[in-house]
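A short write-up of the structure that comes next.
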Amino acid sequence: MNTLLQALKGRNAILYWFGLICLIGGLVCIGLSFVTTRQVLGINAFIKPTKFCVSIWIFCWTMACFLYLLNRPRTVAVYSWMVVVVMTIELAVIIGQAAQGKLSHFNVTSIVDGVLFSFMGIAITTFTAWTGYIGYLFFITKPTGVPATYLWGIRFGILLFVIFAFEGGMMASRLAHTVGAPDGGPGLPGVNWSTGYGDLRVAHFFGMHALQLLPLYGYFLAKQPRQVVVVSIAYGVVISALLVQALWAKPLLLGLHF
């Protein structure tokens, strides 16, 4: 494990250290969830910051692995610092609002809350567009010594990540992630996706984690690039179906309707 971490740090020290900070932040938020009874939308206020800290940690270490392959030091450095700045803003607002028992996303109940939400939106849009550019670089680059199946997994992983990251704009425009009912109803354990209505976070989650799943498939399982292409297209179709299902106000598990 120590060798793996050293290799990761050698590939991208910026994202390695920031990812580690996010991991520690997630652990702190887990601890805080046990010592506070403050709630937001019916769940402990620090559950959401925990999930975001963990997600950003995984993203940072994932991209640290990929960016090394581009052999574009300046571009990689600028992108990495952009991730640090944007995600610091994101986490600062999410944790700060949670500490006050407030919503961070979709909160326009006051001028300050609305400005914070808008600022987050601008920052995350910048981040997603930049990540799309990184994906473009992978499509026009053929790194030496990288298995073709792995490369295609990275390409489609970033592509689907970007598409379904922008899907978050649907939630922002609605000021809600639940379709068919207000946010805050009964949800699945851990993720809290609605068990009674559509939830736009489902497609958002699976789409963004294509960033890990498709490269892993390409590296460990696929034998030919065409297999990665087919699996990626199929995965994209399934996630799109989950999005349509949510827009029809249907929960992920159709049999559960409380």
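The structure presented is a predicted model; accordingly, all values stated were derived computationally and were not measured. Sequential numbering from 1 along the given sequence is applied to the chain's residues. Values reported hereafter were calculated over all heavy atoms of this structure, with side chains retained and with hydrogens, waters and symmetry mates removed.
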Going by the angle between their ring planes, with limits at 30° and 60°, are Tyr16 and Trp61 parallel, tilted or perpendicular? parallel
Can you classify the ring geometry of Phe127 versus Phe161 as parallel (below 30°), tilted (30 to 60°) or perpendicular (above 60°)? perpendicular
Side-chain donor-acceptor pair under 3.5 Å between Thr131 and Tyr79, yes or no? yes
If you take the centroid of each ring, where Trp contributes its six-membered ring, are Phe18 and Trp57 closer together than 6.0 Å? no
Please work out which of the three classes, parallel, tilted or perpendicular, describes the rings of Tyr133 and Trp130, given edges at 30° and 60°. perpendicular
Within the 4.5 Å heavy-atom criterion, are Phe46 and Phe34 side-chain neighbours or not? no
Can any side-chain N or O of Asp113 pair as donor or acceptor with the backbone N or O of Thr109 at less than 3.5 Å? no
Contacts of His204 meeting ring pair (Phe, Tyr, Trp, His ring centres under 6.0 Å) (sequence neighbours excluded), chain-then-number -> none
Report yes if some heavy atom in the side chain of Leu160 is under 4.5 Å from a heavy atom in the side chain of Leu214; otherwise report no. yes
Under 3.5 Å, is there a donor-acceptor pair linking the side chains of Asn44 and Ser33? no
With no hydrogens and no angle check, is any side-chain donor or acceptor of Arg11 less than 3.5 Å from a backbone partner on Ala64? no
Out of Ile95, Leu116, Ile94, which one pairs with Ser104 under the side chain to side chain contact (heavy atoms under 4.5 Å, CB included) rule? Ile94
